Amino acid sequence: MAATTRECLELQLLEMEMLLSMFPNKELVLENPNSILHTRRYLEGIRESLPSIIEFLIFVNVQKSEVKAEMHVSLPHSYPQEEPQVFVRSVALDRQQQNFLNKELVSYIHSLDRGELCISIAAQWLQDNISTYIQNSKQNDEPECEIKEATYTFHRMWIYSHHIYRQELRKKILDYAKRLNLTGFCLTGKPGVICIEGVKEQCEEFWRDIRYPNWKHISCKHSESKEVTGKIDDLRLFNSFEELALTAHGDYGLRNDYHMDLGQFLEYLKQHKSEHIFHILFGVEGKY
């Protein structure tokens, strides 16, 4: 019989206690320092609403090396009945080997029995296997007789959400975009709009991670791609990733129930040669 959400959260707290004892020297860092406390209060009946998911980083040392790998972990409320989201990054890995490693790690986790606490097992697998991928990365970096410029797929995504209010979510969006070297913007309030642009794989990683595990009222309204050899910066419409907080109007007596000034937003799109997106996002023509 499948475990209830309460039973899953109790198991998550047990695993977090074990992980914190295994990684005592700042090797485990919580994305939200209060997430464990909020989960505990929910289980004790002090907090009524379901707590935010527990997300954290584990820094894994590579054998015989100063290099470290970051294992990013998100635990959905139904973990361990549902698989955790785990992703690994390291400066010692090239993009190809990082993708290979993550596919193998996800496959390994998938092979384990559902209901089994698996984060410590995944960390051990990473520690045992990452050296091979780093060595392959070094071999790929060796110069060839004929040096060819790398070919990338430049990608831009226009993402629509009913609203974007929560400070925790807004911080996550900014952090993910910065970490993945994406430019664009996040329009907070109601409606919420996100534009990201950069290397296609990194845009897709942002899109996958930002929706997980339970952002339901969000969709990609439009995307654009172009193959490019060498640098992609000339194709960018934005110089950085920023949060937009435009003038709000409309007050319906409900907390956070206000609409952003779409006229201002249209002007912002015009400044970045993107006014055609207004109709795609909202189904109406902007007044130019």
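All values below were derived from every heavy atom in this structure, side-chain atoms included, with hydrogens, water molecules and symmetry-related copies excluded. Quick caveat: nothing in here was measured; it's all calculated off a predicted structure. Numbering starts at 1 and runs along the sequence shown.
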Measuring only between side-chain heavy atoms, which start at C-beta, is [X] closer than 4.5 Å to [Y]?
X	Y	value
Glu197	Leu235	no
Ile109	Pro84	yes
Leu262	Pro191	yes
Phe154	Arg236	yes
Ile210	Lys172	yes

Please test Val86 against Val106 for side chain to side chain contact (heavy atoms under 4.5 Å, CB included), starting from the C-alpha separation and ending with a verdict. CA-CA 7 Å; Val86 179; Val106 169; 6.0 Å; no

Heavy atoms from other residues, nucleotides or ligands near CD of Glu44 exceed 12 (cutoff 6.0 Å):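 Check passes, neighbour count above 12.
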
Check whether [X] reaches the backbone of [Y] with its side chain - one donor and one acceptor, N or O, closer than 3.5 Å.
X	Y	value
Arg47	Leu37	no
Glu243	Arg170	no
Asp261	Gln264	yes
Gln12	Ile36	no
Thr4	Glu7	yes
Thr39	Ser35	yes
Thr188	Ile164	no

Do the ring planes of Phe241 and Phe206 sit parallel (below 30°), tilted (30 to 60°) or perpendicular (above 60°)? tilted

Which label fits Phe265 and Phe278: parallel for a plane angle under 30°, tilted from 30 to 60°, or perpendicular past 60°? tilted

Would you please test Ile119 and Ile58 for side chain to side chain contact (heavy atoms under 4.5 Å, CB included) and show each step? CA-CA 10 Å; Ile119 303 305; Ile58 294 178; 3.9 Å; yes

If you measure from the Lys or Arg side-chain nitrogens to the Asp or Glu carboxylate oxygens, is any gap between Lys270 and Glu275 under 4.0 Å?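 Judged by the 4.0 Å cut-off on N to carboxylate O distance, Lys270 and Glu275 do not form a salt bridge.
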
For the pair Asp175 and Arg179, find out whether any cationic side-chain nitrogen is under 4.0 Å from an anionic carboxylate oxygen.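 No salt bridge links Asp175 with Arg179.
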
In this structure, is the centre-to-centre distance between the rings of His272 and Tyr268 below 6.0 Å?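 So the answer is yes for these two rings.
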
Would you say the ring centroid of Phe185 lies under 6.0 angstrom from that of Phe238? yes

Same apolar cluster (I L V M F W Y, side chains within < 4.5 Å links), Tyr176/Phe87: no

Look at the side-chain heavy atoms of Ile, Leu, Val, Met, Phe, Trp and Tyr, link any pair under 4.5 Å apart, and say whether Leu9 and Leu30 land in one connected group.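 Yes; Leu30 is reachable from Leu9 via cluster members.
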
May I ask you to check whether [X] and [Y] show a side-chain donor-acceptor distance below 3.5 Å?
X	Y	result
Glu104	Tyr133	no
Ser225	His155	yes
Asn181	Gln202	no

To the closest 0.5 Å, what do you measure between CG (Leu187) and NE2 (His163)? 13.0 Å

Going from CD1 on Ile159 to CZ on Arg211, what distance comes out if it is rounded to the nearest 0.5 angstrom? 8.5 Å

